[in-house]
Amino acid sequence: MVIKRLLQVLGRQADLVENGVQALEAWRGGGYAIILTDCHMPEMDGFALTAAIRAEEAASGRRTPIIAFTAAATSEEVQQCTTAGMDDFLSKPVNMEQLKATLERWLDHDAG
């Protein structure tokens, strides 16, 4: 996938999953500094994924930054991202500079 190659070029590791259900299970396993999610995935979309994560985080006190990828960066979809609890969004197709800036904004500069 394009995003995984971009992340590798930036020196970042990434786990890829096929759908939102797998993403939720991976997140529950722990160890993720950030989540990059497509808004429109099968089985559980990025909005439902984010809502599920935020509900579970409410009990734990932790908060994982969630960044949406969306092809339709309309004001309505941006609002839907915010309402679901996403922290930021990137429009597709994402370019290297946008991705780098977003990661720097949400991750510790010493993390890798």
Where is the tightest heavy-atom contact between [X] and [Y], given as atom of each residue plus distance?
{"X": "Tyr32", "Y": "Ala26", "value": "CE1-O, 3.1 Å"}
{"X": "Ala84", "Y": "Phe47", "value": "CB-O, 3.8 Å"}
{"X": "Arg62", "Y": "Glu57", "value": "O-CB, 3.1 Å"}

Do [X] and [Y] belong together in a cluster built from hydrophobic side chains that touch within less than 4.5 Å?
{"X": "Trp106", "Y": "Ile3", "answer": "yes"}
{"X": "Leu49", "Y": "Met86", "answer": "yes"}
{"X": "Ile53", "Y": "Leu107", "answer": "no"}
{"X": "Phe69", "Y": "Ile34", "answer": "yes"}
{"X": "Trp27", "Y": "Leu16", "answer": "no"}

Between [atom1] on residue [X] and [atom2] on residue [Y], distance to nearest 0.5 Å:
{"X": "Asp45", "Y": "Asn19", "atom1": "CG", "atom2": "CG", "answer": "11.0 Å"}
{"X": "Arg12", "Y": "Lys4", "atom1": "CZ", "atom2": "NZ", "answer": "15.0 Å"}
{"X": "Cys39", "Y": "Gln80", "atom1": "SG", "atom2": "CD", "answer": "7.5 Å"}
{"X": "Asp38", "Y": "Leu90", "atom1": "CG", "atom2": "CG", "answer": "11.5 Å"}
{"X": "Asp88", "Y": "Leu103", "atom1": "CG", "atom2": "CG", "answer": "10.0 Å"}

Are the side chain of Gln22 and the backbone N or O of Glu18 linked by a donor-acceptor pair below 3.5 Å? yes
Partner of Ile35 under side-chain contact (heavy atoms from CB on, under 4.5 Å), chosen from Thr50, Ile66, Ile67: Ile66
Name of the residue among Leu10, Leu7, Asn95, Leu6 meeting side-chain contact (heavy atoms from CB on, under 4.5 Å) with Lys100: Leu10
Does the side chain of Glu56 pick up a donor-acceptor pair with the side chain of Ser60 at under 3.5 Å? no
Heavy-atom side-chain contact between Glu25 and Val17 under 4.5 Å: no
Within a strict 4.5 Å, meaning less than it, do heavy atoms of the Leu24 and Arg28 side chains meet? yes
